[in-house]
Amino acid sequence: MTEPAQSPRPDRKVDPVVDAAADGDGKGIYWVLRNVLVGPPVKRLFRPIVEGIENVPTEGAAIIASNHLSYADWIFMPLALRRRVTFVAKSDYFTGAGIKGRFQRGFFKGTGQVPIDRSGGSASEGAMRAGMKVLERGDLFGIYPEGTRSHDGRLYKGRTGVARLALEAKVPVIPCGVIGTDVVAPPGKVVASFASPTVKFGEPLDFSRYEGMESDRLILRAVTDEIMYKIMELSGQEYLDMYATKAKALEGRATTGAPKKVRKTDT
């Protein structure tokens, strides 16, 4: 895939906050965090293991698609790379007040996070627009296809946004498997163990054979499933063909004894 990323479709709405955040600001902050304040102590304490780093291009646009076990994923995976990886994050992290709020905004912006309001129906479109802007300038865009953290360590069905972004931008997808971050920082814990997590990068996936088919739902599902299969091979997780959000809801209803609701899900 040697063609440059396409420009966003003209019918997309403009969000000044998302667009400004996706323009690559905060690189100076990122350098300080990675090389001085956060990177060295984290590597010294946890001694993360990195495999397949040669599969990540040293230049040019690419999507890094990873499993998601812990909030610590977005610390250990980017630290494995010399290039900055831009993600989307909850807009709440960018709206705090006072000294803490300013520090939090600077930290998330500096580490490559883009604010997305997940309370409305435009969250996925905002993530797509942010991803396109990042890829247009030749950078790395990180995405968790499951859409949320795994609550039980299994790998869940991927959302097709990663496929649509890869086909529209005409860029390769680098599958990534993160292992052990749920031991280091399980839900509700900042740090529970100083175990060494592992970050594995797979070979780039080329989907140029599907050029022009980004509106075909079956193609998007096939591409997404191929990406999730590669992530499964890297992470060694058990795969469940169900969205993580649905699995959490079913588990919650089983715990409370509430009746199950049957509804149509996305492909």
Side-chain angles (χ1 to χ4, degrees), residues 1-5 24 27 30-36 38-70 72-88 110-113 131-132 134-146 155 158 162-163 165-184 195-211 223-237 239:
M1 289 186 181
T2 58
E3 296 183 47
K27 290 185 177 180
Y30 175 77
W31 188 93
V32 172
L33 290 172
R34 186 190 187 284
N35 296 289
V36 181
V38 176
V42 165
K43 290 181 178 180
R44 190 176 302 113
L45 288 171
F46 297 96
R47 299 184 181 279
I49 300 166
V50 181
E51 300 179 11
I53 191 70
E54 69 279 1
N55 291 319
V56 182
T58 56
E59 59 182 19
I63 297 170
I64 298 184
S66 176
N67 60 327
H68 197 13
L69 296 172
S70 166
D73 295 338
W74 61 263
I75 296 177
F76 287 105
M77 189 266 271
L79 278 179
L81 304 171
R82 289 188 175 276
R83 301 179 62 187
R84 187 170 82 161
V85 184
T86 297
F87 296 88
V88 294
T111 52
Q113 311 299 302
M132 286 298 297
V134 171
L135 295 170
E136 280 177 348
R137 65 172 187 265
D139 288 349
L140 299 176
F141 185 70
I143 190 169
Y144 299 116
E146 293 169 277
L155 183 69
V162 61
L165 184 60
L167 297 186
E168 287 194 15
K170 298 182 181 179
V171 298
V173 177
I174 314 296
C176 176
V178 180
I179 305 167
T181 52
D182 53 339
V183 176
V184 172
S196 297
T198 299
V199 181
K200 297 181 179 181
F201 297 99
E203 295 183 0
L205 302 176
D206 183 343
F207 297 109
S208 58
R209 62 189 182 277
Y210 298 123
E211 182 176 349
V223 169
T224 303
D225 288 347
E226 181 175 340
I227 294 170
M228 299 310 294
Y229 182 80
K230 293 298 183 181
I231 293 175
M232 180 188 69
E233 287 187 321
L234 293 167
S235 68
Q237 292 169 277
Y239 178 77

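Not one N or O on the side chain of Thr198 forms a donor-acceptor pair closer than 3.5 Å with the backbone of Ile179. Under the 3.5 Å distance criterion, the side-chain polar atoms of Asp182 are left unmatched by any main-chain donor or acceptor of Ser70.
Taking Glu226 as the reference, Arg209 meet the salt bridge (charged side-chain N to carboxylate O under 4.0 Å, His left out) condition, with sequence neighbours excluded. In this view, Thr181 and Asp73 satisfy the side-chain hydrogen bond (donor to acceptor under 3.5 Å, both in side chains) rule, not counting sequence neighbours. Under the side-chain hydrogen bond (donor to acceptor under 3.5 Å, both in side chains) criterion, Ser66 pairs with no residue at all, not counting sequence neighbours. Evaluation of the side-chain hydrogen bond (donor to acceptor under 3.5 Å, both in side chains) rule for Asn55 yields no partner, not counting sequence neighbours. Take Ile53 and apply the side-chain contact (heavy atoms from CB on, under 4.5 Å) test, not counting sequence neighbours, and it matches Val50, Leu81, Phe201. With sequence neighbours excluded, the residues that form a side-chain contact (heavy atoms from CB on, under 4.5 Å) with Pro57 are Ala62, Arg83, Ile174.
In this structure, Glu59 places its CD atom where only 12 or fewer heavy-atom neighbours from other residues, nucleotides or ligands lie under 6.0 Å away. Around CD of Glu203, the count of heavy atoms belonging to other residues, nucleotides or ligands within 6.0 Å does not exceed 12.
Atom OH of Tyr229 is separated from atom CG of Leu205 by 12.5 Å, given to the nearest 0.5 angstrom. Rounding to the nearest 0.5 angstrom, the gap separating the CD atom in Glu146 from the CG atom in Leu69 is 7.5 Å. Annotation: the span from Gln237 atom CD to Ile231 atom CD1 amounts to 9.0 Å, rounded to 0.5 Å. With values rounded to the nearest 0.5 angstrom, Ser235 atom OG is found 8.5 Å from Met228 atom CE. Going from atom SG of Cys176 over to atom CD of Glu51 covers 11.0 Å, rounded to the nearest 0.5 Å.
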*Hey, mind stepping through Leu165 and Phe141 against side chain to side chain contact (heavy atoms under 4.5 Å, CB included) and telling me if it holds?*
CA-CA 10 Å; Leu165 184 60; Phe141 185 70; 3.7 Å; yes
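Annotation: side chain of Arg34 is in contact with side chain of Leu79 (closest heavy-atom distance under 4.5 Å). The shortest side-chain heavy-atom distance between Val162 and Tyr144 does not fall under the 4.5 Å cut-off. You'll find the side chain of Phe207 reaches within 4.5 Å of the side chain of Ile227, heavy atoms only. The shortest side-chain heavy-atom distance between Trp74 and Val85 does not fall under the 4.5 Å cut-off.
Shown here for Ala65 and Val173, the closest heavy-atom pair between the two residues is CB-CG1, 3.9 Å. Heavy atoms only, all atoms of each residue included: Val183 and Ala195 are closest at CG1-CB, 4.3 Å. When all heavy atoms of Arg44 and Arg47 are compared, the pair lying nearest together is O-CG, 3.8 Å.
Relative orientation of the Phe76 and Phe46 rings is perpendicular, given thresholds of 30° and 60° on the angle between their planes.
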